[in-house]
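Chain A is the first sequence line, chain B the second, and so forth, proteins listed ahead of strands; every chain is numbered from 1.
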Amino acid sequence: MRKINKYIFLLSIPAVAYLFAFTIYPIISNFILSLYTQDVLGKLHYSGLSNYLWFQKDPYLLRITSNTLLYMITTPVFDIILAIPLAVSLKRIGSKWLFLIMLPAFIPPVTAASMWYLMINPFFGLAYYITKHNLASSIWTVVLVNVWRSLPMATLIIYSGMASIPKEIEAAASVDGIRGAKKLLMIDLPLIVPQILAAFVLMTITGLFTFDPIYIGTSQAGPRILDNLAYYAFDQFYSGVPGYAAAIIVLMSVLSTALSVVYIRSLGTRKSLKLPAPSFIPSSDLPLWVHKVIMAIYLVFFIVPMYWVIAVSLKTPIELISIPPTLIPKSISSANYEFMLSSGLPYLVTSLGVATINTVTTLVLSAPIAYTMALHRTG
Amino acid sequence: MSRTRGISTTAIIGIVVVILIIAIAGAYLATRGGAPATTTTSPSTTTTTTSPTTTTAPGLSGSLTVLVPSGDPTLLPFIQMVANDFMAKNPKVSIQVQPVPYAQLVTTALTSLRNQNPSPDLIIYYPSQASTLGPYLLDVRPYFTKGVFNLSDIPPSTLLPTYLLDSQGGIVKVAGVPFQQVFGYVLVYQKSIFQNQTLKSEFESKYGFPFDPTKFDTWDKLITAAQFLQSKGVTKYALLFPDGLTQSIFNGYVAIFFTYALNDTCTGVPSASAQGLPVQGYWAFFKQVNGTIVPTINCTSGIQALETHKALIQFEPPIDQQAMEYDQLRDLFLTGDYAMGAAWTSFLPIYNNASMSKVAGNVGIAPLPSVATGQAPTFIGINPSSKDPDLAAKFIAFMMTPDEYKKGAELYGFLPATYSGMAVAADVNNTAWVANFIPLLKQMSIPDLKRMALVNYITNFFTDLRPVFINTAADYFRGKISAQDAMNYIAAQWVKLMKVSS
């Protein structure tokens, strides 16, 4: 057995301590809480497995679990299906558009959800011109917001896989007359299976932890209609039912742990996949303009919600409540920005501070343990 | 060479420049005194005002933080004004007002209270949050006993939501003090429409009762007036009524249910009598039969109430197009597209703000028919882990003095919760309308604390029972189910799901 270097062992202590304090302890503490119920005076009483037994009686749990699975499955499926053509077009046109494509990934989830719900408001939103139906009440709107935010990251992962395909292989395929869709099926996709898997698992986790679009959409859909397990646990906890919330979190932890295992294993995947390429699949490159059109469609999808929120932010209060809504602000008002930079300044400063502390803490804790793991080839 | 390199030096310089510009602009605006708030829902700053000008009551010292929900245009300015005045009188006291969006109030407050953090010292909350926060807040009864707060000046029905009751209706804690009165729902309307002589004479000759919302004393009269206005196309929609799927459909129904329940022996709700009018609340949804809690909403009055609710929402966009939650009730009436609407009185300053409302200066106010108007006061509670609960209590007492209330009413249209405060506000132009509601408030009584305690002991009332009601009532509004079937289903589900705490 190989001896562990003491120095290396010391390096891992901060991360291990962090793991115990902020992961293991909360998990145990949460499990203990799940064995209690709270009375109307706020006191906790031991109630054994009663919270778990309520799972059988809970009228919403089936719907909520199926919603959880729906978000968990549809988000990565749509992401992957949509990311592949975008990554192909990016590779053909060039990565200069990547910056614009990545914008949604940098927008906080609650902001992204607010953007979409502003846009699909049937009176004051862009949706006024499209449909009289309230899109906010649909469960698929939650999926749409999820996909909008996570698609850029999935695209980046898949694009980076495509960009790393050796030039020799590309050249050999070209010499053999394998191009376009046929090349995508026979050469590119089989070679980037690890990236696709990694993107799939990451986006599955995004889907599992969906929260903000549900939080914002519930007032139009109705209680429990959009909920997933994460939101349901939150709602129970802050409605004075912490024991049952803890039991739901235990259920979720089982699911997310299983996903983590899959994720870690997929990262180590080095297998390739052989895909069928029937003869009717064309073996010629699509014209450049087709790629440009594809790119334009995606950019519209990414940018329109952002445009809308900027337009709304520049409107005067009276124009904001105009029906039908104006597509371009009639008169520009900077009042909201002035307000943000004066009254909202503490929030801006707090956001920057929290982001900095998070980054520094993560780096300080993870760098030593990553070094240790790399050195010992563990993990 | 790869085309996708790291961030370039130019980009880094650009980012730094942008951050600097934001910081400089922010500093400039902060020193300028801040820009005026243009929307009522935006969170406001965390400010500490120093520079007291007068010193009249030396001796107090310490610091306080007050957690205030944003969204109500009068609340935050009033609290800040009181904080400034209190600091002016007590130079050794510093008060920080910490605004928080309404939706995050409970999570923010509970996180502090559960972890026994000393800050915030004071927490402002609403009736629907009382049962969640109440168990963690300080019992303020000793301050009533010591005379710091004046119990006789507070309407009993207004104080009721702060009570933590045992299963026999005994008061085990009073978790705060009401300091702001909000009536709701009230009927708001565009005055100019009801002053139109042509419409008035046509309506009165056709229906035989006054074309005056203050005289609509039954639901039928309100619905008839709305039908008339809709047929005339005076505005796009005749009436805005709550059917929001988070909360307002439930609150709207409570108001209607109450008017029918008072005359229905099946509900066991005492009718209006010399003792007064029973205070509205969720308590009326349950009664005790042979020691078991049973729902009352499947009584005839419950079904009638649901039918009336559906009749009232027919004049607005359908529930699947736009459910009318708190925000919509507040914002859509501003557009001028609605002739009448159900509203909270806290919306009035927004409706009358000409910079954001098309109905400013044209808003009339009346109680809802059949004494359906209830109250939703705002409370202030003390954190038991506060470093100085006595100072916090003194701040509350100062806030509730007639002088502060008068200033609040004059400057912001703030509505006090005490009898003396309301009397002062009734003399101020901004809030003179409250005079019409004081008799209603004096009429409200608390008939039976033991029965009122029942709903508090259903631990999953909000998490399980309320969603059943909301979704089933919404299905009735969509035409998927009859009113009778809806109420029977809700009652059966409630019985099945009810968790009763010992």
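No side-chain donor-acceptor contact under 3.5 Å links Y337(A) to the backbone of L314(A). When atom types are taken as modelled, the side chain of Q322(B) and the backbone of N134(A) share no donor-acceptor pair closer than 3.5 angstrom. At least one donor-acceptor pair closer than 3.5 Å links the side chain of N121(A) to the backbone N or O of F124(A). Within the 3.5 Å criterion, the main-chain N or O of G134(B) finds a donor-acceptor partner in the side chain of K173(B).
In this structure, chain A has a heavy atom under 4.5 Å from the side chain of V172(B), while its backbone stays farther away. With a 4.5 angstrom heavy-atom cutoff, Y215(A) touches chain B only via side-chain atoms. Of the two parts of T107(B), the backbone and the side chain both hold a non-hydrogen atom closer than 4.5 Å to a non-hydrogen atom of chain A. Neither the backbone nor the side chain of A136(A) comes within contact range of chain B; no heavy atoms are under 4.5 Å apart. In this structure, the portion of V241(A) lying under 4.5 Å from any heavy atom of chain B is its side chain and not its backbone. Only the side chain of Y60(A) comes within contact range of chain B, with heavy atoms under 4.5 Å apart. If you measure heavy-atom distances from L41(A) to chain B, the contacts under 4.5 Å come from both the backbone and the side chain. Both the backbone and the side chain of Q38(A) come within contact range of chain B, each with at least one heavy atom under 4.5 Å from a heavy atom of that chain. The part of Q328(B) that comes within reach of chain A is its side chain, from C-beta onward, which places non-hydrogen atoms under 4.5 angstrom from that chain. In this structure, the portion of L164(B) lying under 4.5 Å from any heavy atom of chain A is its side chain and not its backbone. Looking at P318(B), neither its backbone nor its side chain comes within 4.5 Å of chain A, counting heavy atoms on both sides. Residue contact with chain A, scored on non-hydrogen atoms closer than 4.5 Å, involves the side chain of Y136(B) exclusively. For a residue to count as touching a neighbouring chain, one of its non-hydrogen atoms must lie under 4.5 Å from one of that chain's; by this rule I225(A) touches chain B with the side chain only. For I470(B), the part sitting under 4.5 Å from any heavy atom of chain A is the side chain, from C-beta outward, and nothing else.
The choice from S322(A), A163(A), P223(A) that makes the most heavy-atom pairs within less than 4.5 Å of chain B is P223(A). When T246(B), N460(B), T463(B) are compared by the number of non-hydrogen pairs under 4.5 Å with chain A, T463(B) comes out ahead. With chain A as the partner, the residue from T335(B), T111(B), L165(B) showing the most heavy-atom pairs under 4.5 Å is T335(B). Considering only heavy-atom pairs separated by less than 4.5 Å from chain A, the leading option among I319(B), L110(B), L133(B) is L110(B).
The salt bridge (Lys or Arg N to Asp or Glu O under 4.0 Å) analysis of residues 316-326 of chain B, with sequence neighbours excluded, yields the pairs D320(B)-R478(B).
With no hydrogens or angles considered, no side-chain donor-acceptor pair links Q104(B) and T108(B) at under 3.5 Å. Between the side chains of S34(A) and Y52(A), at least one donor-acceptor pair of N or O atoms lies under 3.5 Å.
Under a cutoff of 6.0 Å and an axis angle of 45°, K499(B) and Y244(A) form a cation-pi pair. Relative to the six-membered ring of Y128(A), K132(A) meets both conditions, a distance below 6.0 Å and an angle of at most 45° to the axis.
With sequence neighbours excluded, the residues forming a side chain to side chain contact (heavy atoms under 4.5 Å, CB included) with A360(B) are A354(B), S357(B), listed by chain and number.
Note on D227(A) versus R63(A): no salt bridge recorded, every NZ/NE/NH1/NH2 to OD/OE distance being 4.0 Å or above.
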